[in-house]
Trainee: 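My questions all concern the structure below.
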Protein chains: 2
Amino acid sequence: MTSQDAPPLVFQVFNEIGIIEQLSRTVLEAHMPKGLIAPHFGVLNHLVRVGDGSTPMAMARAFQVPKTSMTHTVSGLVKHELVEMRPNPEDGRSKQVWLTDAGRALRARIISDMSPQFERLARDFDISKLQHILPVLTELRIYLDESRDRV
Amino acid sequence: MTSQDAPPLVFQVFNEIGIIEQLSRTVLEAHMPKGLIAPHFGVLNHLVRVGDGSTPMAMARAFQVPKTSMTHTVSGLVKHELVEMRPNPEDGRSKQVWLTDAGRALRARIISDMSPQFERLARDFDISKLQHILPVLTELRIYLDESRDRV
DNA sequence: CTATATTGGTGCAATATCGCACTAAAGGAG
DNA sequence: CTCCTTTAGTGCGATATTGCACCAATATAG
């Protein structure tokens, strides 16, 4: 019975990460309008930060989700008129996703709505600890990402 | 445009955590039999570690998911005969979830199947870094958990 | 150039997630 | 005890996720 009493370190890390992901996603979604969830925000945020005109497949790869999932998420944003699809002039197979003004505005509003919570966390929590773990998380993410297809 | 070029630290941490969660979940699910996904493993693992006979609601709270989601997950495990439901002798409203031998065996097999990958990660990655971030992740998880209903 | 392989996107079906409403049991106020 | 509230669980419907199959466009082999 020893093995199950002492879960390996890696296991524990992934476990905590899973719980944090769930809790933080819930917080995010509490600030989103009805009908939109975390993946929608992810796409809006991605388009603002990386730039408009990305293709659905490029975003599916960026988020590591199947292309059908990205099609579905983007179509939800189109329905809410937060992005619009345009043909890709460089490749007849693909499309480009462009933000609308409403899309930009919604993303900005969600972020500003959440800022009090971030600030409270920054007050209550030792931020330097987060600064220390961020590079490790990034390294771990890169490792997992690169080992993804080798498995 | 400055605010969106420099996402706050907390934002970045949650972002990395979200990606790691997704990648690690994919790894886990690659080791699970067809028809079972990460939440099923979560419940099996929980029952082994915390002990048999927990109620669906207790687990819903532990995993921070709606009770309907837990009902669904547990019913999938029942269908695969990995757990069984019994009436709760102490409360006529609720039930208890007990592992079957097959449930215990499957959980053990999944863990042992994944151990080579954990070991490879332990070789390729500086484990002491994970040791350093684990307590911070735990602290962050506890903070979010406690602030969950205050928001 | 032609034939084949690959790639981007979508429709469809199976399953998952989750809010809402409802029932049954338990708890609490009087 | 009775009434009211709370709690555990489930049915149902809306939406999400994802594998599979397919089409159209592009890339590649010969």
Side-chain angles (χ1 to χ4, degrees), chain A residues 18-19 21-23 25-30 32-43 53-80 82-98 148-149, chain B residues 18-19 21-23 25-30 32-43 53-80 82-98 148-149:
Chain A
I19 299 170
E21 188 277 336
Q22 179 142 25
L23 293 170
R25 181 163 42 83
T26 301
V27 171
L28 169 63
E29 291 182 348
M32 298 195 63
K34 183 173 178 131
L36 297 176
I37 58 179
H40 297 120
F41 177 81
V43 168
S54 185
T55 70
M57 264 309 292
M59 290 195 291
R61 278 190 280 263
F63 288 96
Q64 306 299 345
V65 297
K67 56 185 181 178
T68 48
S69 304
M70 185 53 65
T71 299
H72 183 78
T73 301
V74 171
S75 76
L77 290 169
V78 169
K79 193 168 62 183
H80 285 80
L82 301 168
V83 302
E84 58 181 36
M85 303 280 265
R86 304 180 194 166
N88 186 346
E90 297 175 3
D91 188 335
R93 291 168 298 186
S94 73
K95 301 179 177 177
Q96 291 181 336
V97 184
W98 293 83
R148 178 168 39 102
D149 25 42
Chain B
I19 299 171
E21 187 277 339
Q22 177 145 22
L23 293 170
R25 180 164 42 83
T26 301
V27 171
L28 169 64
E29 291 182 347
M32 299 196 63
K34 183 171 177 133
L36 298 177
I37 58 179
H40 297 121
F41 177 81
V43 169
S54 184
T55 70
M57 263 311 290
M59 291 195 290
R61 277 190 281 262
F63 288 96
Q64 306 299 346
V65 297
K67 56 185 180 177
T68 48
S69 305
M70 185 54 65
T71 299
H72 183 78
T73 300
V74 171
S75 76
L77 290 169
V78 169
K79 194 169 61 185
H80 285 80
L82 301 168
V83 302
E84 58 181 36
M85 303 281 264
R86 302 181 195 165
N88 186 343
E90 297 176 4
D91 189 333
R93 293 168 297 184
S94 73
K95 301 179 178 179
Q96 291 180 334
V97 184
W98 292 84
R148 180 169 37 105
D149 26 41

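Letters go in sequence order (proteins before strands), and every chain restarts at 1.
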Trainee: B:L77 CG to C:dA16 P: how many Å, rounded?
Mentor: 10 Å
Trainee: Of the non-hydrogen atoms in B:K34 and B:H80, which two are nearest, and what is the gap between them?
Mentor: O-NE2, 4.2 Å
Trainee: Are B:T26 and A:Q64 side-chain neighbours, meaning at least one heavy-atom pair lies under 4.5 Å?
Mentor: no
Trainee: How far apart are the closest heavy atoms of A:E21 and B:G18, and which atoms are they?
Mentor: CG-CA, 3.9 Å
Trainee: Identify, between A:M70 and A:G92, the residue whose nearest nucleotide on DNA chain D lies closer to the 5' end.
Mentor: A:M70
Trainee: May I have the distance from B:L36 (atom CG) to C:dA16 (atom P), rounded to whole angstrom?
Mentor: 9 Å
Trainee: Quick check for you: to the nearest 0.5 Å, what is the distance between A:T55 atom OG1 and A:M70 atom CE?
Mentor: 9.5 Å
Trainee: Looking at B:H72, I'd like to know whether one of its side-chain N or O atoms comes within less than 4.0 Å of OP1 or OP2 on C:dT17.
Mentor: no
Trainee: Test of understanding: with salt bridge (Lys or Arg N to Asp or Glu O under 4.0 Å), list the residues that count as partners of A:E29, not counting sequence neighbours.
Mentor: none
Trainee: DNA chain D: B:K34 or A:H40, which has the more 5' nearest nucleotide?
Mentor: A:H40
Trainee: Kindly indicate whether the side chain of B:L82, heavy atoms from C-beta on, has any atom under 4.5 Å from the side chain of B:L36.
Mentor: yes
Trainee: Students should find this one: the first and last nucleotides of DNA chain D, 5' to 3', lying under 4.0 Å from a heavy atom of chain A. What are they?
Mentor: D:dA16 to D:dT26
Trainee: What pairs with B:F63 under ring-ring contact (aromatic ring centres under 6.0 Å, His included), at least two apart in sequence or on another chain?
Mentor: B:H46
Trainee: Can you measure B:I37 atom CD1 to C:dA14 atom P for me and round it to whole angstrom units?
Mentor: 17 Å
Trainee: First locate atom NE2 of A:H40, then atom CG of A:L28, and finally report the distance between them rounded to the nearest 0.5 Å.
Mentor: 11.5 Å
Trainee: Can you see which heavy atom on B:V74 is nearest to which on B:V83, and at what distance?
Mentor: O-CG2, 4.2 Å
Trainee: Can you give one letter per nucleotide of nucleotides 4-11 of chain C, 5' to 3': B if a protein heavy atom sits under 4.0 Å from the base, S if only from the sugar-phosphate, - if neither?
Mentor: ---BBBBB
Trainee: Map B:E90 and B:S69 onto DNA chain C by nearest heavy atom, then report which one ends up closer to the 5' terminus.
Mentor: B:S69
Trainee: In whole Å, I'd like the distance from the CD atom of B:Q64 to the P atom of C:dG19.
Mentor: 13 Å
Trainee: Please report the end-to-end axis angle for the helix from C:dC1-D:dG30 to C:dG30-D:dC1, five pairs per end, rounded to 10 degrees.
Mentor: 30°
Trainee: Only one of A:T68, A:V97, A:V43 passes side chain to side chain contact (heavy atoms under 4.5 Å, CB included) with A:P56; say which it is.
Mentor: A:V97
Trainee: Suppose the criterion is side chain to side chain donor-acceptor pair (under 3.5 Å): which pairs have a residue in residues 86-97 of chain B, not counting sequence neighbours?
Mentor: B:E84-B:R86, B:N88-B:S94, B:D91-B:R93, B:Q96-B:W98
